[in-house]
2 protein chains.
Amino acid sequence: MDKKKAVQQSYELVRDKILNGQLLSGEKITEEKLATDLGFSRTPIRDAIKRLEYEGLIINKKVVKPTDKDLRNIFQVRMLLEGYSARCAATYSSAEQLATLAECVEIGKNGSYDEIMDANERFHQIIVQTSGNDKLIDTINRMQSIIYLFRKTVVFYNRPFLIEEHEDIYNAIRDRLPERAEELMKQHLEKDLDFCLHLINSQN
Amino acid sequence: MDKKKAVQQSYELVRDKILNGQLLSGEKITEEKLATDLGFSRTPIRDAIKRLEYEGLIINKKVVKPTDKDLRNIFQVRMLLEGYSARCAATYSSAEQLATLAECVEIGKNGSYDEIMDANERFHQIIVQTSGNDKLIDTINRMQSIIYLFRKTVVFYNRPFLIEEHEDIYNAIRDRLPERAEELMKQHLEKDLDFCLHLINSQN
DNA sequence: AAAGGTTAAATTGTATACAAAATTATCTAA
DNA sequence: TTAGATAATTTTGTATACAATTTAACCTTT
């Protein structure tokens, strides 16, 4: 296997620094500093920053600090796209996809912190995949980094009923109830949003 | 006013070359060639290409050639996001926004080719704006270039009922009928899609 | 002639130097 | 002191050189 190129490495390193809090919200990024930090030249760093700007993690040279409004906006888009995806899942999903969803729900009940984090992400990922719509998948993926920031809090603070909701969604999909699957997914995301907003606002 | 930077110029030049057919679907792009063509160095050209890749106009160094499936996918996302936007418009839109929408419909009836093109684009643009959701607006804008490619054919071949549909949507918004506005917008986009697909497939 | 391998050419990736622009600090006049 | 101008510094934008990689061309060998 060939080793990753500098752009890719830079991208991943900077992204991770942001996601795990080594680079704080509002902190200003300079190409030169990152370059010497990571041991690359400015060229690949610039590309990486462009990509992060595109994903919304960096906004004019500053690490993003999402406002309540941003959060609501992101979740609104998710509700529309993932709601539709859930409907698709209830209509199209294969036996294999169903099995994997069931597995994610199961891990959610008994897994370790990291396993749960992972399973929850996969649960949503699989449902989005069943839409079979690359543009839709792409749009969600681009919001993924920011979403990740919040999924972490939701799991860490152990939001009540999260797994139960996943299970309900899974059941609707398995039972081929498109309308219900969509509705449940939307409600589920709405609750995630409320939980995040509540947490954020009680911390400051 | 300060003159645009090389990246911005390159971006616009290359994009326009693609949109007006100077660069054909499937044609392969090389940085060096574009650089000497446009009289810049490779550096800004690379950035411009990256941006066009993000927008989906270039896919691994080739000018994109959207398939039927791509077209369906884009329109599906638009139906979800613009449908929701129409609902918002029917709920929130200001008197000024309503007036501008009415104006777009009017131009659609009597304007010149270029005016109609412009008015149709603005019609959709305004409705999307009323959502007040930056993420949503952003997502649509990123698909704008590809959408443009098709809007051109729709107007050029003078799709029947296009203006009437805009008017119906406008009326629903003005009369504050969110459900209806959403439904009409979705139907409208569905018809645009069918028209595009029909044209494309009858040409090849 | 076809499969495979080797060399050559084209293209992209990265580093670096310098120019342009933006930012910050410093100074001066009111 | 402070508003505004000017200089110093930092940071970004662009060009260019060279390295790495990919792609194309050209031989062999069967």
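Just the heavy atoms: all of them, side chains too, but no hydrogens, waters or symmetry mates, feed the values below. In what follows, chains carry the letters A, B, and so on, assigned in the order in which the sequence lines appear, proteins first and then strands, with residues in each chain numbered from 1.
For the pair Phe40(A) CZ and dG13(C) C1', the interatomic distance rounds to 12 Å; values are reported in whole Å. For the pair Arg46(B) CZ and dG13(C) C1', the computed distance is 6 Å after rounding to whole Å. The NZ atom of Lys4(A) sits 19 Å away from the C1' atom of dA20(D) (whole-angstrom rounding). Ile45(B) has its CD1 atom 14 Å from the C1' atom of dG13(D), to the nearest Å.
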Distances under 3.5 Å between nitrogen or oxygen atoms of protein and nucleotides 16-21 of chain C:
none

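With sequence neighbours excluded, no residue satisfies side chain to side chain donor-acceptor pair (under 3.5 Å) with Arg15(A). In this structure Lys109(B) satisfies the side chain to side chain donor-acceptor pair (under 3.5 Å) test together with Glu167(B), sequence neighbours excluded. Remark: Phe123(B) pairs with His166(B) by the ring pair (Phe, Tyr, Trp, His ring centres under 6.0 Å) rule, at least two apart or across chains. Residues forming a side chain to side chain contact (heavy atoms under 4.5 Å, CB included) with Arg42(A) (at least two apart in sequence, or on another chain): Glu31(A), Glu32(A), Ala35(A), Arg46(A).
The shortest distance between side-chain heavy atoms of Leu101(A) and Tyr170(A) falls below 4.5 Å. Side-chain atoms of Asp194(B) and His198(B), non-hydrogen and from C-beta on, never get closer than 4.5 Å to each other.
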Assess whether side chain to side chain contact (heavy atoms under 4.5 Å, CB included) is satisfied between Ile147(B) and Ile74(B), documenting all intermediate values. CA-CA 8 Å; Ile147(B) 292 171; Ile74(B) 290 172; 4.2 Å; yes
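A distance of 11.5 Å separates OG in Ser131(A) from CZ in Arg87(A), rounded to the nearest 0.5 Å. Rounding to the nearest 0.5 Å places CD1 of Ile127(A) at 9.0 Å from OG of Ser93(A). We find the CD1-CD1 distance between Ile107(B) and Ile116(B) to be 9.5 Å, quoted to the nearest 0.5 Å. Here the straight-line distance linking atom OH of Tyr84(B) with atom CD of Gln76(A) works out to 3.5 Å at 0.5 Å rounding.
Within residues 6-13 of chain B, no residue has any heavy atom under 4.0 Å from DNA chain C. Of the residues in residues 27-37 of chain B, those with a non-hydrogen atom less than 4.0 angstrom from any atom of DNA chain C are Ile29(B), Thr30(B), Glu31(B). Listed in residue order, the members of residues 51-64 of chain A having a heavy atom less than 4.0 Å from DNA chain D are Lys61(A).
Listed by first then second residue, pairs satisfying ring-ring contact (aromatic ring centres under 6.0 Å, His included) with a partner in residues 101-121 of chain B number zero, not counting sequence neighbours. Pairs engaging residues 14-43 of chain B under the ring-ring contact (aromatic ring centres under 6.0 Å, His included) rule: none recorded [sequence neighbours left out].
For the helix from dA1(C)-dT30(D) to dA30(C)-dT1(D), the end axes, each set by the C1' atoms of five terminal pairs, are bent relative to each other by 10° (nearest 10°).
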What side-chain donor-acceptor pairs closer than 3.5 Å can you find for residues 136-144 of chain B, not counting sequence neighbours?
residue	atom	partner	partner atom	Å
Asp138(B)	OD2	Arg142(B)	NH2	2.9
Thr139(B)	OG1	Lys135(B)	O	2.7
Asn141(B)	OD1	Gln125(B)	NE2	3.3
Arg142(B)	NE	Tyr54(A)	OH	3.0
Arg142(B)	NH2	Tyr54(A)	O	3.2

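Side-chain N or O atoms of Asn20(B) include one that pairs as donor or acceptor with a backbone N or O of Asp16(B) at under 3.5 Å.
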